[in-house]
Amino acid sequence: MTTTGHPASGESRPKATPARGRFVTFEGGEGAGKSSRVAELADRLRRRGFEVVVTREPGGSPGAEAVRRVLLSGAAEAFGPLAEAILFAAARADHVDQTIRPALMRGAWVISDRFHDSTRVYQGATGDVPADRVAALEEIAVDDVRPDLTILLDVPVEIGLARAAARRGDAVADRFEKEEEKIHERRRRAFLALARGEPKRFVVVDAAQDPATVADAVWYGVCSRLGLAEKD
Ligand code: TYD
C-alpha cells in the first residue's frame, strides 16, 4: 500500500477492498452547521468503539491544506474556474491517497466535511466548468474511493448566510462566502438535484431545525443506511 507520496504516474493506486471501513461525507451551503454535526457524529461513533477519522475539504492532508490556503485566499481566482477546479482536484487526490484510503483500508470510519459533490456544485453547476470536465477531474481525484453515504444539510440561504456571518464575526468572508445571495440559492438547488439523482447515497436533512434535532436526524440517517442499531 502506498501511504507516502503519490504513486508514480501510470502505477495504479491501491484499491480499497470490500472489507474497508465506512466513508461518510457532509455537504451543504454556507452556515449549514456541517462542522458541528460532523464532530457530533464522530463522537457518537467513537462511543460505539469505532475508530473515526474526521477530515475536511479542501484540505485533510498536509499537501491539500497548502492548496486550501491558495484557494480560499482567492489567489487562484484570477486563473479562472477551470484552474480552481483543477486545484480542488489536486488537493482531493492527495487527501484521498494520504488520509482517506489508508484509514478506510484499516477499517476506520472516515467523515469528511465536504467532498466531490462540492466541486460538482461550486465549480460545475454554479461555476461554469463543463460537466464533462468536472467528471474527468473527479475520476482522477477520487478513483474508487466513493462515499458510502452523503448527508446533505439543507438550509434556506438567508438562514445559512446569517449563521456564517455570525460565526465569522469581524473576520473577512472567504473567496466563496462573499459571493452574491443568488449564487448561494443556485447552489442549494444544485445540491438538492444531486441528492434527487442519487437517492441511495444521499440523506437530506433539514438543517434549519435546532441543532439537537438535526444531530438526531443525522444519526438516524447513518444508522438506517449503514446498518447500525440506533440505540446502544
Ligand atoms: P470552508 O471554510 O471549509 O467552508 P465551509 O464551512 O462552507 O465548508 O471553505 C470551503 C469553501 O470552498 C466553501 O465555500 C466551498 C468551497 N469549495 C469549492 O468551491 N469546491 C470544492 O470542491 C470544495 C471541497 C469546497
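As the structure lists them, so they are numbered: ligands from 1, and atoms in each ligand from 1.
A salt bridge is absent between Lys182 and Glu185; no separation between the charged side-chain nitrogens and carboxylate oxygens falls under 4.0 Å. Of the charged side-chain nitrogens involved, none lies within less than 4.0 Å of a carboxylate oxygen, so that Asp43 and Arg48 do not count as a salt-bridged pair.
For atom 22 (O) of ligand 1, the closest non-hydrogen atom of the protein is Thr119 OG1, 2.5 Å. Annotation: atom 16 (C) of ligand 1 to nearest protein heavy atom, Phe176 CD1, 3.8 Å. At the top of the distance list for atom 18 (C) of ligand 1, counting protein heavy atoms only, stands Phe88 CZ, 3.2 Å. From the protein, the heavy atom lying nearest to atom 5 (P) of ligand 1 is Lys34 NZ, 3.5 Å.
Residue Gln123 touches ligand 1 through its side chain alone, judged by heavy-atom distances below 4.0 Å. At a 4.0 Å heavy-atom cut-off, ligand 1 does not touch His116 at all. Contact annotation for Leu72 and ligand 1: only side-chain heavy atoms (C-beta onward) come within less than 4.0 Å of the ligand.
In summary, the side chains of Thr126 and Arg186 do not present any donor paired with an acceptor at a separation below 3.5 Å, with no hydrogens or angles considered. Side chain to side chain, Asp210 and Thr213 meet the donor-acceptor criterion of an N or O pair below 3.5 Å. There is a side-chain donor-acceptor pair under 3.5 Å between Glu57 and His95.
Close approach of ligand 1 to Glu30 is summarised as follows: ligand atoms under 4.0 Å from at least one heavy atom of the residue are 7 (O), 13 (C), 14 (O). Near Asp174, meaning under 4.0 Å from any of its heavy atoms, are these atoms of ligand 1: 2 (O), 9 (O).
Residue contact check for ligand 1: Arg114 places a non-hydrogen atom closer than 4.0 Å to it.
Atom CG of Leu149 and atom OG1 of Thr25 lie 7.0 Å apart (nearest 0.5 Å).
Centroid-to-centroid, the aromatic rings of Phe115 and Phe23 come within less than 6.0 Å.
Applying the 6.0 Å contact sphere to CZ of Arg133 captures no more than 12 heavy atoms from other residues, nucleotides or ligands.
Considering Glu138, Arg68, Arg168, Arg92 only, the shortest heavy-atom separation from atom 2 (O) of ligand 1 involves Arg68.
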